[in-house]
Undergrad: 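A single structure is presented below for examination.
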Amino acid sequence: MAFYCPRDKGIFMPRNRVIESMGSNQGGHIMVLAHEYGHHVQAMSGINHGMGLKMVGMAEDAVEYLELTRRMELQADCFSGMFIGAAGGRGSITKALSNSASSAFRSSVADKTHGSVKHQIQWGTAGVKNNNTASCNTWLAPSSEVS
């Protein structure tokens with residue numbers, strides 16, 4: 001639906017695809033944008049580079065490759081939650097809109113690269129509630145929490 005391009009540091013959210021996935025739910029749109037910005041944070045902090053080094057030579061369908069991908073995606077969910085929690089009630093993001101964005105994790109779709117809906121909600125909620133990067137350390141979490 002939306003994606004982050006580390007080469008040009010751009011977030012791309014094709015309107016038709018976002019609306020097809022999230023409907024007119026503004027909170028859902030904010031959650032998706034914040035998730036993609038989470039990938040930007042990963043790129044700027046060197047997390048992307050470190051993960052790329054670990055993945056060298058792995059097949060894209062390898063179990064370990066897919067788990068590393070899920071760890072990256074779930075961490076972006078957690079970073080998204082951090083933004084949602086911090087922005088609620090500030091500027092144009094009202095507390096109600098922030099709550100809607102937080103609830104939008106329930107609209108996630110499970111797949112082998114983004115993880116189960118349960119874990120997308122778990123990591124997104126950890127970001128909202130705890131609002132610190134230590135709560136987003138998917139890299140040290142057991143495999144059972146990033147499935």
Undergrad: Looking only at heavy atoms, which two atoms of Tyr4 and His40 are closest? And how far apart?
TA: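 That closest heavy-atom pairing would be OH-ND1, 2.8 Å.
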Undergrad: For Met31 and Met22, what are the C-alpha separation, side-chain angles and deciding distance, and is it a side-chain contact (heavy atoms from CB on, under 4.5 Å)?
TA: CA-CA 10 Å; Met31 184 270 292; Met22 301 305 285; 4.1 Å; yes
Undergrad: Any side-chain heavy-atom pair from Met58 and Leu68 closer than 4.5 angstrom?
TA: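 Met58 vs Leu68: side chains touch.
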Undergrad: Are Ser107 and Asn25 linked by a side-chain donor-acceptor pair shorter than 3.5 Å?
TA: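 On atom types as modelled, these side chains do not qualify, holding no pair under 3.5 Å.
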Undergrad: I'd like to know if the side chain of Ser80 and the backbone of Ala76 have a donor-acceptor N/O pair within less than 3.5 Å.
TA: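 Flag not set: sc Ser80 to bb Ala76 has no pair under 3.5 Å.
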Undergrad: I'd like to know if the side chain of Ser98 and the backbone of Ile84 have a donor-acceptor N/O pair within less than 3.5 Å.
TA: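 Yes: the side chain of Ser98 pairs with the backbone of Ile84.
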Undergrad: Where do Ser143 and Glu67 land on the side chain to side chain donor-acceptor pair (under 3.5 Å) test, with the steps shown first?
TA: CA-CA 8 Å; Ser143 295; Glu67 182 174 311; 3.0 Å; yes
Undergrad: Side chains of His29 and Gln26: any donor to acceptor distance under 3.5 Å?
TA: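 Judged by distance alone, the side chains do not pair up.
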Undergrad: Could you tell me which non-hydrogen atom of Thr133 sits nearest to which non-hydrogen atom of Phe79, and how far apart they are?
TA: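 Closest pair (atom of Thr133, atom of Phe79, distance): CG2-CE2, 4.3 Å.
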Undergrad: Quick one: closest heavy-atom pair of Ser116 and Ala110, and the distance?
TA: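 What the structure gives for the nearest pair is CA-CB, 4.0 Å.
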Undergrad: Go through the side-chain N and O atoms of Ser102 and Asn99 and say whether any donor and acceptor fall under 3.5 Å apart.
TA: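 Side-chain D/A pair, Ser102 to Asn99: absent.
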Undergrad: If you apply the rule side-chain contact (heavy atoms from CB on, under 4.5 Å), what do you find for Glu60 with Leu66, and how did you get there?
TA: CA-CA 7 Å; Glu60 289 185 22; Leu66 292 171; over 6 Å; no
Undergrad: When clusters are formed by joining ILVMFWY residues with side-chain heavy atoms under 4.5 Å apart, either directly or through shared neighbours, do Val41 and Met51 land in the same one?
TA: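 Hydrophobic grouping puts Val41 apart from Met51.
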Undergrad: Is there side-chain contact between Met55 and Glu64, with heavy atoms separated by less than 4.5 Å?
TA: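 Side-chain contact under 4.5 Å: no.
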Undergrad: Of all residues at least two apart in sequence or in a different chain, which pass the side chain to side chain donor-acceptor pair (under 3.5 Å) check with Ser21?
TA: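 Applying side chain to side chain donor-acceptor pair (under 3.5 Å) to Ser21 gives none.
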Undergrad: Check whether Gln75 reaches the backbone of Cys136 with its side chain - one donor and one acceptor, N or O, closer than 3.5 Å.
TA: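 Checking the backbone N and O of Cys136 against the side chain of Gln75, a donor-acceptor pair under 3.5 Å is found.
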Undergrad: Verify side-chain contact (heavy atoms from CB on, under 4.5 Å) between Arg71 and Trp123, making sure each step is shown before the conclusion.
TA: CA-CA 10 Å; Arg71 288 179 186 280; Trp123 287 101; over 6 Å; no
Undergrad: Heavy atoms only: give me the nearest Asn130-Ser135 pair and the separation to one decimal.
TA: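 Reported closest heavy-atom pair: CB-OG, 3.0 Å.
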Undergrad: Between His119 (side chain) and Ser147 (backbone), is there a donor-acceptor pair under 3.5 Å?
TA: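 Yes.
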Undergrad: Taking the side chain as C-beta and beyond, is there a heavy-atom pair between Trp139 and Met72 under 4.5 Å?
TA: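 They are in contact (side-chain heavy atoms under 4.5 Å apart), so the answer is yes.
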Undergrad: Can you find a side-chain donor-acceptor pair between Ser108 and Gln120 that sits under 3.5 Å?
TA: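 A donor-acceptor contact under 3.5 Å links the two side chains.
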Undergrad: Looking at Arg90 and Ala86, would you say the former's side chain and the latter's main chain have a donor-acceptor pair under 3.5 Å?
TA: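 Yes, Arg90 side chain to Ala86 backbone: donor-acceptor pair under 3.5 Å.
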Undergrad: Output yes when a side-chain donor or acceptor of Thr125 lies under 3.5 Å from a complementary backbone atom of Gln122, and no otherwise.
TA: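 No, because the side chain of Thr125 does not come within donor-acceptor range (under 3.5 Å) of the backbone of Gln122.
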Undergrad: Over all heavy atoms of both residues, which pair between Ala104 and Gly28 is shortest? Give the atoms and the distance, please.
TA: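 Nearest heavy atoms, Ala104 then Gly28: CB-CA, 3.5 Å.
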Undergrad: Of all heavy-atom pairs between Ser92 and Leu97, which one has the smallest distance, and what is that distance?
TA: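 In terms of heavy atoms, the two residues are closest at O-CD2, 4.0 Å.
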Undergrad: Under 3.5 Å, is there a donor-acceptor pair between the side chain of Arg70 and the main chain of Val146?
TA: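 Judged by distance alone, yes, a pair lies under 3.5 Å.
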Undergrad: Membership question, hydrophobic clusters at under 4.5 Å side-chain separation (ILVMFWY): are Leu33 and Phe12 in the same one?
TA: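 Shared cluster, no.
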